[in-house]
2 protein chains.
Amino acid sequence: MSKQRKLPLYVQIKNKLVNNIKEGVWQPGEAIPSESQLIEQYNVSRTTIRQAIQDLVQKDVLETRRGAPTRVKEEPQVDKGNPGIIHKEIGTNMEVKVLRFEKLKEHYYAKYQLDLEEDEEVYVLERLRIADSKPIAYQQLYLPIPIGEVVKGVASDVFDIFPVLGQHNIHHSNIQEMVSGSNATQYVADLLGIIPGEALTDIERTTVGIDDKPIEYSRTKYIPNAFMYRMEIGK
Amino acid sequence: MSKQRKLPLYVQIKNKLVNNIKEGVWQPGEAIPSESQLIEQYNVSRTTIRQAIQDLVQKDVLETRRGAPTRVKEEPQVDKGNPGIIHKEIGTNMEVKVLRFEKLKEHYYAKYQLDLEEDEEVYVLERLRIADSKPIAYQQLYLPIPIGEVVKGVASDVFDIFPVLGQHNIHHSNIQEMVSGSNATQYVADLLGIIPGEALTDIERTTVGIDDKPIEYSRTKYIPNAFMYRMEIGK
DNA sequence: GACGATTTGTCCGTATGTATA
DNA sequence: GTATACATACGGACAAATCGT
């Protein structure tokens with residue numbers, strides 16, 4: 001710990017603050033001690049405390065408001081959904097219908113995306129996403145076995161599997177998506193009630209967990225005007 | 001501009017710095033005056049100068065290194081495609097064809113998106129994006145007058161206007177995009193050589209500059225299988 | 001390579017403004 | 001209205017990295 005001594009004071013303070021949050025001393029949403037209190041506690045200047053706090057505000061760990069106490073951010077920032085991405089399916093009455101849910105031995109590309117070994121199995125889940133009784137998307141999800149087991153019971157109940165995974169402490173840290181166009185095959189067209197050859201908007205997604213292991217590889221084919229994809233980048 | 005007086009000093013300084021960059025007084029890669037010089041020039045304390053600079057470092061506008069002069073970033077951030085966004089138009093031989101380029105008095109929604117006053121004019125640029133002699137997209141760009149003047153000369157030569165704007169020291173800090181589906185109108189279908197009613201992938205984009213003023217609002221309608229949109233988020 | 005001047009980074013203390021509770 | 005909190009702004013000091021001579 002002697003190396004700590006070489007770190008700037010404000011970084012040391014920052015680490016202490018983060019530790020208090022990690023250890024649950026200060027819960028999300030809770031106020032942390034005021035600047036004056038921290039000055040006394042750590043025996044440093046206001047500048048130092050403020051620099052530490054400002055850094056953490058920047059990282060979305062803390063939240064400051066003039067006049068009000070500084071608080072720990074509600075969102076644990078790891079799993080804040082999609083930083084700046086919104087998928088919106090247009091409709092009011094949403095359902096999902098499971099077409100298929102089984103283990104697969106052979107599916108090279110999915111296994112490649114999920115970084116699985118040649119002899120490992122993979123779960124495949126095919127669903128129809130339905131809005132107001134009309135199918136709007138055909139979705140294929142490929143899941144590693146442990147993830148699949150979690151999803152198994154709820155595949156037909158939940159529209160989005162991530163909250164469920166979150167409940168099982170499976171969190172993602174990285175999402176990669178590819179949006180492109182394709183033409184409906186006969187099979188998909190029949191499922192979606194459209195004409196073969198009609199254009200679809202495809203979303204191909206690979207999700208990686210906080211342990212850097214893939215969680216999910218999926219392909220979803222949307223009827224274009226039943227779907228909206230919104231994105232914001234930058235600062 | 002008396003409202004400026006109510007802004008914190010460091011924000012005023014920040015704006016002045018950004019203006020110098022925008023006006024090309026300080027070119028990308030170049031050093032800006034030292035803190036001591038800025039203190040003299042603006043007659044404020046070091047704290048104030050530093051806060052302004054730190055804010056811009058945070059926004060990737062400036063770059064500081066202990067011991068070395070502070071410089072304007074070479075690539076004012078987002079220009080190169082940002083935290084993992086790739087738009088790919090599928091084809092080898094790319095062209096653009098300008099259909100229309102003129103000032104508009106009336107276009108409420110575009111003005112709203114561009115944060116313009118009721119009586120201000122707006123440039124509208126309509127182009128056809130062509131790959132291998134086949135039209136793949138119909139694009140409408142709405143630009144504030146000063147931006148439009150810059151684009152004016154090159155509208156038919158460049159596929160992407162941002163590098164051009166970059167050369168004129170107009171840089172963006174924020175992009176918001178909406179991807180959705182639509183059906184081709186008769187007008188657009190004729191332009192793209194498709195059948196009316198066929199599905200298109202729409203990209204609606206609002207781009208904001210480093211001075212927080214909107215640069216561009218655009219709508220592009222792509223033939224789905226001529227276009228790919230790839231995105232990565234997370235750490 | 002060494003050295004001094006310059007520049008940014010860290011840290012202290014203090015004072016005042018302004019929003020919140 | 002009062003007290004408390006963070007936000008802004010000033011000033012000074014020394015450390016550490018860089019750069020030109």
Side-chain angles (χ1 to χ4, degrees), chain A residues 2-18 20-21 25-74 235, chain B residues 2-18 20-21 25-74 212:
Chain A
S2 56
K3 239 202 264 182
Q4 282 284 86
R5 276 274 154 250
K6 299 218 59 177
L7 287 176
L9 247 183
Y10 77 93
V11 175
Q12 294 178 41
I13 302 286
K14 200 167 63 171
N15 288 335
K16 289 179 185 180
L17 298 182
V18 169
N20 277 333
I21 295 168
V25 181
W26 303 324
Q27 295 288 327
E30 241 180 64
I32 72 170
S34 74
E35 289 177 1
S36 354
Q37 286 173 301
L38 292 171
I39 288 167
E40 274 208 22
Q41 182 172 346
Y42 295 120
N43 205 36
V44 295
S45 77
R46 177 115 192 273
T47 315
T48 305
I49 293 291
R50 279 187 66 78
Q51 189 160 1
I53 289 176
Q54 278 313 306
D55 266 35
L56 293 176
V57 168
Q58 204 62 48
K59 281 198 201 169
D60 274 355
V61 176
L62 294 178
E63 194 173 25
T64 60
R65 244 170 71 231
R66 161 179 263 163
T70 299
R71 293 176 181 284
V72 179
K73 268 242 172 180
E74 290 282 1
K235 176 102 318 168
Chain B
S2 56
K3 236 200 271 180
Q4 283 284 84
R5 277 274 156 250
K6 295 216 59 177
L7 288 176
L9 248 183
Y10 77 93
V11 175
Q12 294 179 41
I13 303 285
K14 197 169 65 171
N15 287 334
K16 289 180 185 180
L17 299 183
V18 168
N20 278 332
I21 295 169
V25 181
W26 304 324
Q27 295 288 326
E30 242 179 62
I32 73 169
S34 73
E35 290 176 1
S36 358
Q37 287 174 301
L38 292 172
I39 289 168
E40 276 210 17
Q41 183 172 343
Y42 295 120
N43 205 34
V44 296
S45 74
R46 179 140 183 246
T47 316
T48 305
I49 294 290
R50 280 185 66 77
Q51 187 161 359
I53 289 177
Q54 277 314 306
D55 266 35
L56 293 176
V57 168
Q58 199 61 45
K59 281 199 196 173
D60 275 355
V61 175
L62 294 178
E63 193 173 28
T64 61
R65 245 169 71 230
R66 163 179 271 173
T70 299
R71 293 174 181 284
V72 180
K73 267 239 172 182
E74 287 283 1
D212 284 335

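Quick caveat: nothing in here was measured; it's all calculated off a predicted structure. Throughout, protein chains are lettered first and strands after them, A, B, ... in sequence-line order, and every chain is numbered starting at 1.
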Student: Look at atom CD of A:Gln27 and say whether more than 12 heavy atoms of other residues, nucleotides or ligands are closer to it than 6.0 Å.
Tutor: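 Result for CD/A:Gln27: enclosed.
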Student: Among A:Ile32, A:Val57, A:Leu56, which residue meets the side chain to side chain contact (heavy atoms under 4.5 Å, CB included) test with A:Thr64?
Tutor: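 Answer to the side chain to side chain contact (heavy atoms under 4.5 Å, CB included) test with A:Thr64 among A:Ile32, A:Val57, A:Leu56: A:Val57.
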Student: Considering just the side-chain nitrogens and oxygens of A:Gln51, establish if one lies under 4.0 Å of OP1 or OP2 belonging to C:dT10.
Tutor: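 Checking C:dT10 against A:Gln51, a side-chain N or O does come within under 4.0 Å of OP1 or OP2.
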Student: Which distance, rounded to the nearest 0.5 Å, do you find between the CD of A:Gln41 and the CD1 of A:Ile49?
Tutor: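 Reported value, rounded in 0.5 Å steps: 8.0 Å.
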Student: To the nearest 0.5 Å, how far apart are CD in B:Glu35 and CD1 in B:Ile39?
Tutor: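 Here the interatomic distance stands at 6.5 Å.
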Student: Roughly how far, to the nearest 0.5 Å, is the NZ atom of A:Lys73 from the CG atom of A:Leu62?
Tutor: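 Spacing of CG (A:Leu62) from NZ (A:Lys73) equals 10.0 Å.
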Student: Roughly how far, to the nearest 0.5 Å, is CG of B:Leu17 from CH2 of B:Trp26?
Tutor: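 Output value for this atom pair is 5.0 Å.
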Student: For nucleotides 19-21 of chain C, which of its nitrogen or oxygen atoms have a protein nitrogen or oxygen under 3.5 Å away, and what is each distance?
Tutor:
unit_1: C:dT20; atom_1: O3'; unit_2: A:Arg65; atom_2: NH2; d: 3.3
unit_1: C:dA21; atom_1: OP1; unit_2: A:Arg65; atom_2: NH2; d: 3.2

Student: Rounded at 0.5 Å granularity, tell me how far CZ in A:Arg46 sits from OG in A:Ser36.
Tutor: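 So the gap between those two atoms works out to 7.5 Å.
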Student: Using purine N1 to pyrimidine N3 plus N6-O4 or O6-N4 for Watson-Crick, or N1-O2 and O6-N3 for G-U wobble, each under 3.5 Å, what pairs with C:dG13?
Tutor: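 Pairing partner, where one exists within any strand: D:dC10.
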Student: Output the residues of residues 32-50 of chain A in contact with DNA chain C, where contact means a heavy atom of the residue under 4.0 Å from an atom of the strand; sort by number or write none.
Tutor: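 Those residues are A:Val44, A:Ser45, A:Arg46, A:Thr47, A:Thr48.
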Student: Provide, to the nearest angstrom, the distance between the CD1 atom belonging to B:Ile53 and the P atom belonging to C:dT7.
Tutor: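 In whole Å, C:dT7 P lies 12 Å from B:Ile53 CD1.
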Student: Write down the distance between OH (A:Tyr10) and C1' (C:dC12), rounded to a whole number of angstrom.
Tutor: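 In whole Å, C:dC12 C1' and A:Tyr10 OH are 16 Å from each other.
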Student: Just how far, in rounded Å, is P of C:dC11 from CD of B:Gln54?
Tutor: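 These atoms are roughly 14 Å apart.
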Student: Going from CD on A:Gln54 to CD on B:Gln58, what distance comes out if it is rounded to the nearest 0.5 angstrom?
Tutor: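 A:Gln54 atom CD to B:Gln58 atom CD measures 10.0 Å (nearest 0.5 Å).
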